Amino acid sequence: MEKWPIGVFASIDAGLGVKLEVVEELGIPTIHLHAPHQNTRTPKVAEKFVAKLNEIGVKISVVFGGFEGESYADIPTVIKTVGLVPPETRAERTQEMKEIADFARLLGVDIVALHLGFVPHDENDPMYSDIVAVTREVCDHCRSNDQRLHLETGQETADALLQFIAAVGRDNLFINFDPANMVLYGSGQPIEALRKVGRFVRSVHCKDARWAANPGKEWGAEVPVGQGDVNFERFLATLKEIGYDGPLTIEREIPQDPTRQKAEISQAVKVLTDLKKKLGIS
Ligand code: MG
């Protein structure tokens with residue numbers, strides 16, 4: 001397979017990714033798949049989906065978990081609703097994440113990923129050890145499926161993420177690096193962060209964003225790849241530097257406008273293809 005094949009975040013029936021028809025139309029060879037709703041995570045759906053992917057020559061590299069009730073409306077809402085952090089839903093979502101890993105196995109996929117949520121920054125916060133414990137539980141379940149677990153970056157600084165990974169202490173725990181999230185959440189310069197956590201980065205999202213006026217307090221703005229503050233030339237050059245060799249998976253979360261979404265993804269493919277050429281990667 002070519003180095004750094006260009007991919008896109010896609011979905012079957014849940015999540016914000018593009019439909020498979022768009023993937024096919026744009027001739028994209030690899031996807032991250034948002035896990036479908038609980039009632040469609042069946043062997044039959046998996047089998048049909050795999051057959052369809054084989055027919056159009058598309059591979060899934062990562063299955064992303066997501067949960068009912070999550071909202072990315074603003075930073076306080078993310079803290080309250082996203083991932084395995086909110087205590088009220090933690091047990092059931094941990095269980096569901098294992099089911100998502102099992103569904104990924106049915107699809108023949110050996111990487112599952114998720115937004116863990118806002119892990120407390122203070123290691124002495126009792127919630128910190130609770131979240132370490134559920135992350136171990138999910139890692140161990142993934143291990144029994146011969147899978148790795150990738151944590152989506154964004155909510156925490158590179159140092160906090162490294163500290164968290166060390167605290168979990170599982171060798172199948174890695175990172176899905178999303179440079180735009182660092183900007184959106186105001187959690188650090190993405191290129192610097194990528195260098196720090198590089199040895200754990202096994203998948204990436206190509207997404208761009210502009211810094212908020214008050215980073216960390218309010219959201220930055222997601223924009224098309226190449227138009228934000230990430231600096232994609234430096235991002236790809238740094239991926240090369242750290243020896244990254246997976247796909248470049250485009251994420252563009254504007255499902256409310258599918259025509260614009262498709263056009264911007266197509267433009268992102270061009271931006272990334274040109275940069276790969278410039279960096280001597282093909
Ligand atoms: Mg992402």
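Here the structure is a predicted model, which means the values were calculated and not measured. Note: hydrogens, waters and symmetry copies are ignored here, and every other heavy atom, side chains too, is used.
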Query raised in the report: Given Leu239 and Phe177, is the side-chain contact (heavy atoms from CB on, under 4.5 Å) satisfied, shown in steps?
Result: CA-CA 10 Å; Leu239 286 175; Phe177 194 90; over 6 Å; no

Report summary line: For Phe49 and Leu20, the nearest pair of non-hydrogen atoms, with its separation, is CE1-CD2, 3.6 Å

Query raised in the report: Which heavy-atom pair separates Ala212 from Glu218 by the least distance, and what is that distance?
Result: CB-O, 3.4 Å

Query - Cationic N near anionic O, under 4.0 Å, Arg143 to Asp171 - result: yes

Exercise answer: donor-acceptor pairs, residues 103-115 side-chain atoms, under 3.5 Å, sequence neighbours excluded:
from	atom 1	to	atom 2	distance (Å)
Arg105	NH1	Asn145	OD1	3.2
His115	ND1	Gln155	NE2	2.9

Report task. Verify whether one side chain among Asn181 and His205 offers a donor that lies under 3.5 Å from an acceptor in the other. Result -> no

Query - Expected output: side-chain Thr77 to main-chain Ala73 donor-acceptor under 3.5 Å - result: no

Requested in this report: Sort and list the pairs that fulfil side-chain hydrogen bond (donor to acceptor under 3.5 Å, both in side chains) and have at least one residue in residues 12-28, not counting sequence neighbours.
Outcome: Asp13-Thr40, Glu25-Lys262

Query raised in the report: Would Asp178 and Thr153 count as a side chain to side chain donor-acceptor pair (under 3.5 Å) if you check the C-alpha gap in whole Å, the side-chain angles of each, and the deciding distance to 0.1 Å?
Result: CA-CA 6 Å; Asp178 184 328; Thr153 54; 5.7 Å; no

Report task. I would like to know whether Arg210 and Glu222 meet salt bridge (charged side-chain N to carboxylate O under 4.0 Å, His left out); could you show each step before the answer? Result -> CA-CA 7 Å; Arg210 294 207 186 100; Glu222 192 191 321; over 6 Å; no

Query raised in the report: Is the closest side-chain heavy-atom distance between Met127 and Pro120 below 4.5 Å?
Result: yes

Query raised in the report: Transitively linked via ILVMFWY side-chain contacts under 4.5 Å: Leu248 with Val23?
Result: yes

**Report entry** Min side-chain heavy-atom separation Ile100-Arg41 under 4.5 Å
**Finding:** yes

Query raised in the report: Do Thr273 and Ile6 come close enough that some side-chain heavy atom pair is under 4.5 Å?
Result: yes

Query raised in the report: If you draw a 6.0 Å radius around CD in Glu68, do more than 12 non-hydrogen atoms from other residues or ligands fall strictly inside?
Result: no

Query raised in the report: Taking only residues at least two apart or on different chains, which pairs with a member in residues 147-166 satisfy ring-ring contact (aromatic ring centres under 6.0 Å, His included)?
Result: Tyr128-Phe164

Requested in this report: Walk me through it: do Lys278 and Asp274 pass the test side-chain contact (heavy atoms from CB on, under 4.5 Å)?
Outcome: CA-CA 6 Å; Lys278 199 170 167 186; Asp274 290 350; over 6 Å; no

Query raised in the report: Is it true that Arg90 and Glu137 have a side-chain N and a carboxylate O under 4.0 angstrom from each other?
Result: no

**Report entry** Spacing of CD belonging to Glu99 relative to OG1 belonging to Thr94, to within rounding of 0.5 Å
**Finding:** 11.0 Å

**Report entry** Contact check, side chains of Val62 and Leu33, non-hydrogen atoms, under 4.5 Å
**Finding:** no

Query raised in the report: Between Arg170 and Asp140, is there a salt bridge with N-O shorter than 4.0 Å?
Result: yes

Report task. Apply side-chain contact (heavy atoms from CB on, under 4.5 Å) to Ser203 and His32, showing your working. Result -> CA-CA 10 Å; Ser203 59; His32 284 185; 4.1 Å; yes

Query raised in the report: Would Phe9 and Phe64 count as a close aromatic pair, with their ring centres under 6.0 Å?
Result: yes

Query raised in the report: When the ring centroid of Tyr185 is compared with that of Trp219, is the distance short of 6.0 Å?
Result: yes

Query raised in the report: Any side-chain heavy-atom pair from Cys142 and Arg148 closer than 4.5 angstrom?
Result: no

Report summary line: Taken to the nearest 0.5 Å, the spacing of Thr89 OG1 from Leu84 CG works out to 8.0 Å

Query - Note, Glu241 side chain near Arg195 side chain (heavy atom, < 4.5 Å) - result: yes

Report task. Check Ala101 against His141 and note the closest heavy-atom contact, atom names and distance. Result -> CB-CD2, 4.1 Å

Query raised in the report: Any idea how Tyr244 and Trp4 line up, ring-wise: parallel (<30°), tilted (30 to 60°), or perpendicular (>60°)?
Result: tilted

Requested in this report: Answer yes or no: is there a side-chain heavy-atom contact under 4.5 Å between Leu194 and Ile191?
Outcome: no

Query - Note: Glu253-Lys207 ion pair, threshold 4.0 Å (strictly below) - result: no

Query raised in the report: Just how far is it from atom NZ of Lys240 to atom CG of Leu236, taken to the nearest 0.5 Å?
Result: 10.5 Å

Requested in this report: Would you mind reporting whether Ile254 and Gln256 have side-chain heavy atoms less than 4.5 Å apart?
Outcome: yes

Query raised in the report: Which heavy atom of Cys139 sits nearest a heavy atom of Asn172, and at what distance?
Result: O-ND2, 2.9 Å

Query raised in the report: Is Glu70 salt-bridged to Lys80, cutoff N-O under 4.0 Å?
Result: no

Query raised in the report: Within a radius of less than 6.0 Å around CD of Glu47, do more than 12 heavy atoms belonging to other residues, nucleotides or ligands occur?
Result: no

Report summary line: Nearest heavy-atom approach of Gly186 to Trp211 is CA-CZ3, 3.9 Å

Report task. Show the numbers, then the answer: is there a side-chain contact (heavy atoms from CB on, under 4.5 Å) between Cys206 and Thr249? Result -> CA-CA 6 Å; Cys206 290; Thr249 305; over 6 Å; no

Report summary line: On a heavy-atom basis, the closest approach of Gly216 and Ile75 is O-CD1, 3.6 Å

